[in-house]
Amino acid sequence: MTTTDQTTRFPDDFVWGAATAAYQIEGAAHEDGRGESIWDRFSHTPGKTLNGDTGDVACDHYHRWRDDIALMQALGLRAYRFSIAWPRIMPNGRGALNPAGLDFYDRLVDGLLAAGITPWATLYHWDLPQALEDAGGWPNRATAEAFAAYVDAVTRRLGDRVRYWITLNEPWCSAFLGYHIGHHAPGRTSFRDALAAAHTLLLAHGLAVPIIRANSRGARVGITLNPAQVYAVSPEAEDQAAAWRYDGYFNRWFLDPLYGRGYPEDMLALYGADAPAASPAELATIAAPTDFLGVNYYAPSFIRHDPGSAFFAIGHQRRDDLDYTAMDWAVYPQGLTDLLQRLQRDYPVGELYVTENGAAYDDAPPRDGVVADPERTRYYRLHLNACRQAIAAGVPLKGYFAWSLMDNFEWAFGYTKRFGIVYVDYTTQQRMIKASGHWYRQTIAANALPEQS
Ligand code: IFM
């Protein structure tokens, strides 16, 4: 190994991928027996998404999946992380299966394997069947059993070919954006409900793990969180305490029970009667051993004590010395290195994968066959360098998935935020690899950060 190799190369078996999610790209919302999801209902409710955008058509991936696999090949991807839409498989959330829905993912998986791309399937990326929401949604513990039955059906069908399984994507978002802040479907606004939802989501994960293992021999099973990398804005005791509370709310509330420690005592005391009652048997279910932890990282959280904040006196601080993306998220790659090291230090995570990382910028449409997005390339270079530094420090980081393969429906922001390494013209559905995508292709091919980038 030369000095350059040591400083830029990734481990030989490093997994290079890109990620998407069903509701954000598939479209075909009313086709082949698909049921309604909470995102269909939410996005069709006036005022919930920017411009009233919905996922009805999205990137039309349901019809264009062959072309999209060809794009993945052109990018040199080794792995593709996608999610399975529960309402395509079980239109009413439980009970009757929809064969056409299973067939779609069957074809997709076969297509990926034929293209030499390893499928990574996420079983839940926010599209709860509306029928289950009508029965109480995630705060209702029966939703965990419904999830287990859905997972059983999917893994029986695909478990012979899919080896990498992610139970849930970012349960913090499902619970708190969906049931407390109301910015996401189903748009409810009760903190107590959000805590109940988080508990059911964790239970659903725990119930799913042994089912996946039973149906998919040699499966590698994990969960993807979006842990916050929290920095107190000062060494003052009050700021430090606010940062620790935020860490409890965002991180430890999920990580501690997943790794067998139950809910953190300090947060139980803070939440009081709002906290869900969790039996020892439920906590044991949640702590089912996993093989890896998926980490979605975009930006850090700079936290201060704010007596004016109704939310546990926690305040966020903007840093004027940092660059911000089109989401108004700070560009801070050191946060990724610090986060990966913290997770390894504090929890028995097994392997770590960055299952999402990327940036939205206001890309101009293609000109002369080029989508120039130097800021996104810079973001990827900085964050991949942060990954490399974590690996050099001994973190068992085994792979990285760019978010996202292509521009798509960015939830409440509709189509206004472009995260793709592939540009999508939503009028014609034409795709074009952005300059950042070409840069990523070179990086994958070299298994190293390009010298001049
Ligand atoms: O688009 C989302 C994705 O669905 C989940 N993680 C964050 C991304 C960017 O906001």
Side-chain angles (χ1 to χ4, degrees), residues 17-27 37-40 42-43 48-50 53-55 58-59 61 80-86 120-128 166-178 181 183-186 198 201 205 222-229 250-251 254 293-301 324-332 335-336 339 353-363 373 375-376 379-380 383 400-424 426 434 436:
T20 63
Y23 191 73
Q24 295 181 272
I25 64 163
E26 284 181 2
S37 79
I38 55 174
W39 270 96
D40 296 300
F42 186 76
S43 64
K48 297 299 186 191
T49 63
L50 272 184
D53 287 343
T54 74
C59 307
H61 170 76
Y80 173 54
R81 173 177 176 240
F82 61 98
S83 81
I84 293 170
W86 187 347
W120 282 59
T122 302
L123 288 152
Y124 184 73
H125 198 127
W126 307 354
D127 42 4
L128 184 72
I166 294 171
T167 53
L168 305 177
N169 181 71
E170 302 181 4
W172 178 87
C173 294
S174 302
F176 291 97
L177 290 180
I181 298 164
H183 182 67
H184 278 188
L201 282 153
H205 156 82
I223 183 171
T224 280
L225 304 180
N226 55 327
Q229 177 54 28
F250 217 103
N251 299 332
F254 294 89
L293 176 66
V295 178
N296 292 354
Y297 174 84
Y298 291 88
S301 303
Y324 280 75
T325 70
M327 295 295 282
D328 214 19
W329 295 346
V331 177
Y332 196 73
L336 178 54
L339 176 61
Y353 290 87
V354 171
T355 40
E356 286 180 27
N357 176 238
Y361 287 106
D362 297 327
D363 303 318
D373 61 341
E375 291 168 304
R376 184 174 292 103
Y379 182 97
Y380 277 119
H383 286 80
Y400 177 93
F401 292 77
W403 183 271
S404 175
L405 172 65
M406 58 183 132
D407 295 335
N408 59 47
F409 176 78
E410 177 54 24
W411 308 110
F413 294 94
Y415 296 98
T416 63
K417 304 292 179 198
R418 293 181 177 273
F419 271 93
I421 53 174
V422 171
Y423 187 91
V424 177
Y426 295 112
K434 298 179 191 179
S436 60

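Values reported hereafter were calculated over all heavy atoms of this structure, with side chains retained and with hydrogens, waters and symmetry mates removed. Atoms within a ligand are numbered from 1 in the order they appear, just like the ligands themselves.
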message = Test side-chain hydrogen bond (donor to acceptor under 3.5 Å, both in side chains) on Y23 and S83; report intermediate values, then the result.
response = CA-CA 9 Å; Y23 191 73; S83 81; over 6 Å; no

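The pair R418-D373 does not count as a salt bridge, with every side-chain nitrogen at least 4.0 angstrom from each carboxylate oxygen.
Here Y298 pairs with E356 under the side chain to side chain donor-acceptor pair (under 3.5 Å) rule; sequence neighbours left out.
Aromatic ring centres of Y353 and Y400 lie farther apart than the 6.0 Å criterion allows.
Side-chain atoms of W86 and L128, non-hydrogen and from C-beta on, do get closer than 4.5 Å to each other. Between N251 and W172, the closest side-chain pair of non-hydrogen atoms is not below 4.5 Å.
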Protein N/O near ligand 1 N/O, under 3.5 Å, which pairs?
residue: ligand 1; atom: 1 (O); partner: Q24; partner atom: NE2; Å: 3.0
residue: ligand 1; atom: 1 (O); partner: W403; partner atom: NE1; Å: 3.3
residue: ligand 1; atom: 1 (O); partner: E410; partner atom: OE1; Å: 2.6
residue: ligand 1; atom: 4 (O); partner: Q24; partner atom: OE1; Å: 2.7
residue: ligand 1; atom: 4 (O); partner: H125; partner atom: NE2; Å: 2.8
residue: ligand 1; atom: 4 (O); partner: W411; partner atom: NE1; Å: 2.8
residue: ligand 1; atom: 6 (N); partner: E170; partner atom: OE1; Å: 3.4
residue: ligand 1; atom: 6 (N); partner: E170; partner atom: OE2; Å: 2.7
residue: ligand 1; atom: 6 (N); partner: E356; partner atom: OE1; Å: 2.5
residue: ligand 1; atom: 10 (O); partner: E410; partner atom: OE2; Å: 2.5

